[in-house]
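Predicted, not measured: the structure shown is a model, and the values here were computed from it. Just so it is clear, the values below take in all heavy atoms, side chains as well, and ignore hydrogens, waters and symmetry mates.
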Amino acid sequence: MNRDTIIGFVLIALVLIGFSWYNSPSKEDLELARIQDSIAAVQQENAKKAQEAAAKQKQEEKDTAKVDSTALFYGALNGTSQQVVLKNGKLELTLDTKGGVIKKAKIMDFKDLNDEKDLTLFDGDDQNLNFMLTGKQDNIVTADLYFTPTEQTDSTVTMTASAGNGGQVILKYNLGKDYMLAFSLQAKGLANAFAPSYKEMEIEWTDHCRQHEKGFSFENRYTGIFYKEVKGDTDNLSESSDENETIEEELDWVAFRNQFFSIALISKDNFAKNANLISTLDLKGTGYLKQFDTKLKTAFDPTGAKPSEFEMYIGPNNFRLIQKVEQQSQFGKDLDLEQLVNLGWWLFRLINRWFTLYVFDWLASFGFSMGIVLILITILLKVITYPMVKKSYMSSAKMRVLKPKLEEATKQYDKPEDQMKKQQEMMSLYSKYGVSPMGGCLPMLIQMPIWIAMFWFVPNAIQLRGQSFLWMDDLSTYDPIIEWTNNIWGIGDHLSLTCILFCAAQLIYTWISMRQQKDQMIGAQAEQMKVMQWMMYIMPLMFFFIFNDYSSGLNFYYFISLFFSAAIMWTLRKTTDDAKLLAILEAKYQENKNNPKKQSGLAARLEAMQKQQEELKRQRQNGFRK
């Protein structure tokens with residue numbers, strides 16, 4: 001491994017550290033979290049009082065409406081809450097006749113934090129969907145109305161709230177075979193209740209996002225509000241801080257996404273411009289990650305001729321599954337819902353989308369455990385990158401066997417002012433022997449996107465969720481060997497075994513690399529390498545603070561990857577005959593000597609710089625003589 005290879009590794013480390021820093025809370029966020037912790041009791045008390053005041057005011061308004069027997073929906077303001085269940089083999093939705101919307105969503109065959117067989121995505125007041133229609137005299141708020149269920153089957157139901165004039169507000173639901181729910185809202189016989197110009201209804205959609213995974217901080221990092229612009233791309237609010245954003249463009253959908261599950265609300269007629277989206281962080285230990293609040297508008301036909309149509313995806317963040325379910329949409333839009341699966345930034349997303357996913361699916365199709373799949377992916381990537389790794393190593397080996405010749409040829413250039421000449425002489429000799437010092441850098445740079453792509457892919461692969469391997473109970477979260485109650489800055493509340501193994505492997509690999517590096521460094525280069533050695537030795541420590549909270553699957557992948565890298569390096573070193581390699585280089589030297597070629601590349605640039613330096617020196621000397 002030469003200096004350029006080490007530079008490649010340093011670049012990989014810096015990019016990974018940069019990504020982790022970008023996704024981690026800023027100083028301001030950490031200070032905000034500290035303040036929130038210190039005044040949590042006051043905030044909760046104030047919130048409770050505000051909630052009680054709002055509830056009291058709302059109840060007073062309801063009581064007033066109930067007393068006012070002339071209210072349009074006076075009869076629907078009173079009733080008994082009943083539950084209606086829609087289900088298929090994958091999803092179970094519980095609707096409440098009070099408000100006529102979903103109050104509980106259960107995803108089948110995905111274990112929850114308590115190891116229950118099915119996962120409850122939300123329940124009770126965790127999530128609310130409220131449609132508000134502005135009338136000439138009375139406003140219609142579906143959350144206040146009691147609906148009557150009819151035409152009920154396992155997958156369909158019609159909810160109807162009746163007005164005093166015979167009009168109706170109708171909500172129709174149809175649960176598909178997978179994770180897509182279609183529903184509509186329609187007003188019949190209420191045309192006179194609205195102004196002629198009234199064409200849009202308001203929607204309030206909120207969600208108190210539950211914690212579903214063991215690692216609060218890690219899951220929170222991948223939890224946020226996402227949306228798709230009709231004439232644009234998918235975007236999201238900050239996942240690491242509070243944010244209140246008004247979107248100026250029309251939207252196809254808005255989604256509440258956590259690490260492995262999403263709820264996406266899709267409008268056939270789009271959500272109007274200036275949708276307001278709010279994401280608020282929750283405190284660790286509350287059982288919740290964030291509070292999501294949205295205020296949306298979409299088309300509404302007061303004549304009742306055309307219903308307002310919606311679809312809702314409620315399910316896992318599985319790329320292939322979402323692609324399949326999206327095809328069931330009846331709206332004819334390119335929804336691009338698979339963007340809910342975080343595959344990284346554009347270059348790394350391309351690698352994961354068109355390579356990693358196919359390889360992962362292919363290996364998983366053989367029925368291997370997910371741990372074996374990660375090992376096989378590692379081996380496959382090592383096989384693919386082996387030619388580049390070998391090229392990098394051979395470049396290093398050539399410089400190693402030429403070290404005595406280089407030391408002999410450059411021993412007269414020991415003064416600091418002679419370093420340019422020394423470098424030029426070294427590059428000249430490398431060129432004569434057909435050696436490219438930069439030959440080890442490009443292969444490492446080519447490998448770097450693959451390393452980073454896996455950094456994004458593994459933590460977001462729902463296939464790893466709940467899958468055990470060796471000592472790891474769940475490859476999608478950390479594997480603690482010890483845990484404690486209070487957070488320690490930079491570490492958290494646990495020590496992850498796979499993170500320790502990964503960092504230890506990185507330290508050992510660095511030590512091996514540094515030992516080999518000494519065999520090819522000359523003069524000042526050896527002094528420069530001392531600084532780089534410290535950087536390389538500090539890097540595993542930095543990785544520990546970054547990756548201790550990451551999934552055991554990712555740490556295990558990097559641990560195995562380093563193991564195979566060390567094995568490949570050891571094998572190449574054992575199978576390289578230095579004497580034979582030197583003989584080949586000597587033959588190349590004689591060939592170039594008999595057929596001299598003009599220098600090019602770095603050697604030519606160094607020679608040009610040396611000539612310029614000598615010319616400037618000569619001009620200065622002539623000037624002094626005058």
| request: Kindly indicate, with the supporting measurements, whether the criterion ring pair (Phe, Tyr, Trp, His ring centres under 6.0 Å) is fulfilled by Phe260 and Phe110. | output: CA-CA 10 Å; Phe260 291 121; Phe110 284 93; 9.3 Å; no
| Does any pair with a residue in residues 492-504 pass side-chain hydrogen bond (donor to acceptor under 3.5 Å, both in side chains), and if so which ones, sequence neighbours excluded? |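 For residues 492-504: Lys284-Asp493, Asp479-Ser496, Asp479-Thr498, Ser496-Thr498.
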| task | For residues Phe271 and Ile247, determine if any side-chain heavy atom of one lies less than 4.5 Å from a side-chain heavy atom of the other. | result |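 Counting from C-beta outward, Phe271 and Ile247 never come under 4.5 Å.
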| request: Could you tell me whether the side chain of Leu554 reaches within less than 4.5 Å of the side chain of Phe455, counting heavy atoms only? | output: yes
Restricting to side-chain hydrogen bond (donor to acceptor under 3.5 Å, both in side chains), what partner residues turn up for [X], sequence neighbours left out?
{"X": "Asp126", "result": "Arg210, Tyr288"}
{"X": "Lys90", "result": "Asp178"}
{"X": "Lys106", "result": "none"}

For the residue pair [X] and [Y], confirm or rule out a side-chain donor-acceptor distance under 3.5 Å.
{"X": "Thr246", "Y": "Asn274", "answer": "no"}
{"X": "Lys382", "Y": "Ser561", "answer": "yes"}
{"X": "Ser392", "Y": "Ser395", "answer": "no"}
{"X": "Lys103", "Y": "Asn128", "answer": "yes"}

Can you check whether [X] and [Y] have ring centres sitting under 6.0 Å from each other?
{"X": "Phe502", "Y": "Tyr557", "value": "no"}
{"X": "Phe559", "Y": "Phe563", "value": "no"}
{"X": "Trp205", "Y": "Phe256", "value": "yes"}

| task | Report the C-alpha distance between His208 and Asp125 in whole Å, list the side-chain angles of each, state the deciding distance to 0.1 Å, and finish with yes or no for side-chain hydrogen bond (donor to acceptor under 3.5 Å, both in side chains). | result | CA-CA 8 Å; His208 203 184; Asp125 291 329; over 6 Å; no
Can you tell me if [X] uses its side chain to pair, donor with acceptor, with the backbone of [Y] under 3.5 Å?
{"X": "Lys333", "Y": "Val230", "result": "no"}
{"X": "Thr298", "Y": "Asn270", "result": "yes"}
{"X": "Asp112", "Y": "Glu116", "result": "yes"}

| When you check the gap from the basic side-chain N to the acidic O, do Arg320 and Glu338 get nearer than 4.0 Å? |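 No salt bridge links Arg320 with Glu338.
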| Atom CD of Glu92 and atom CG of Leu175: how far apart are they, to the nearest 0.5 Å? | 10.5 Å
| field | Spacing of Leu277 atom CG and Glu243 atom CD [to the nearest 0.5 Å] | value | 9.0 Å
| said: Would you call the rings of Phe547 and Tyr550 parallel, tilted or perpendicular, taking 30° and 60° as the class edges? | reply: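 Ring orientation, 0 to 90° scale: tilted.
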| All ring-ring contact (aromatic ring centres under 6.0 Å, His included) counterparts of Phe310, not counting sequence neighbours | Phe131, Phe183
| Set of side-chain contact (heavy atoms from CB on, under 4.5 Å) partners for Ser468, sequence neighbours left out | none
| Could you go step by step and tell me if Tyr558 and Trp451 meet the ring pair (Phe, Tyr, Trp, His ring centres under 6.0 Å) rule? | CA-CA 9 Å; Tyr558 281 142; Trp451 271 62; 5.5 Å; yes
| Which atom pair, heavy atoms only, marks the closest approach of Asp118 to Met108? |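 Minimum heavy-atom separation between Asp118 and Met108: OD1-CA, 3.3 Å.
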| query | Checking side chain to side chain contact (heavy atoms under 4.5 Å, CB included) against Val373, which of Ile375, Leu376, Ile377 comes through? | reply |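 It is Ile377; the other options fail the test.
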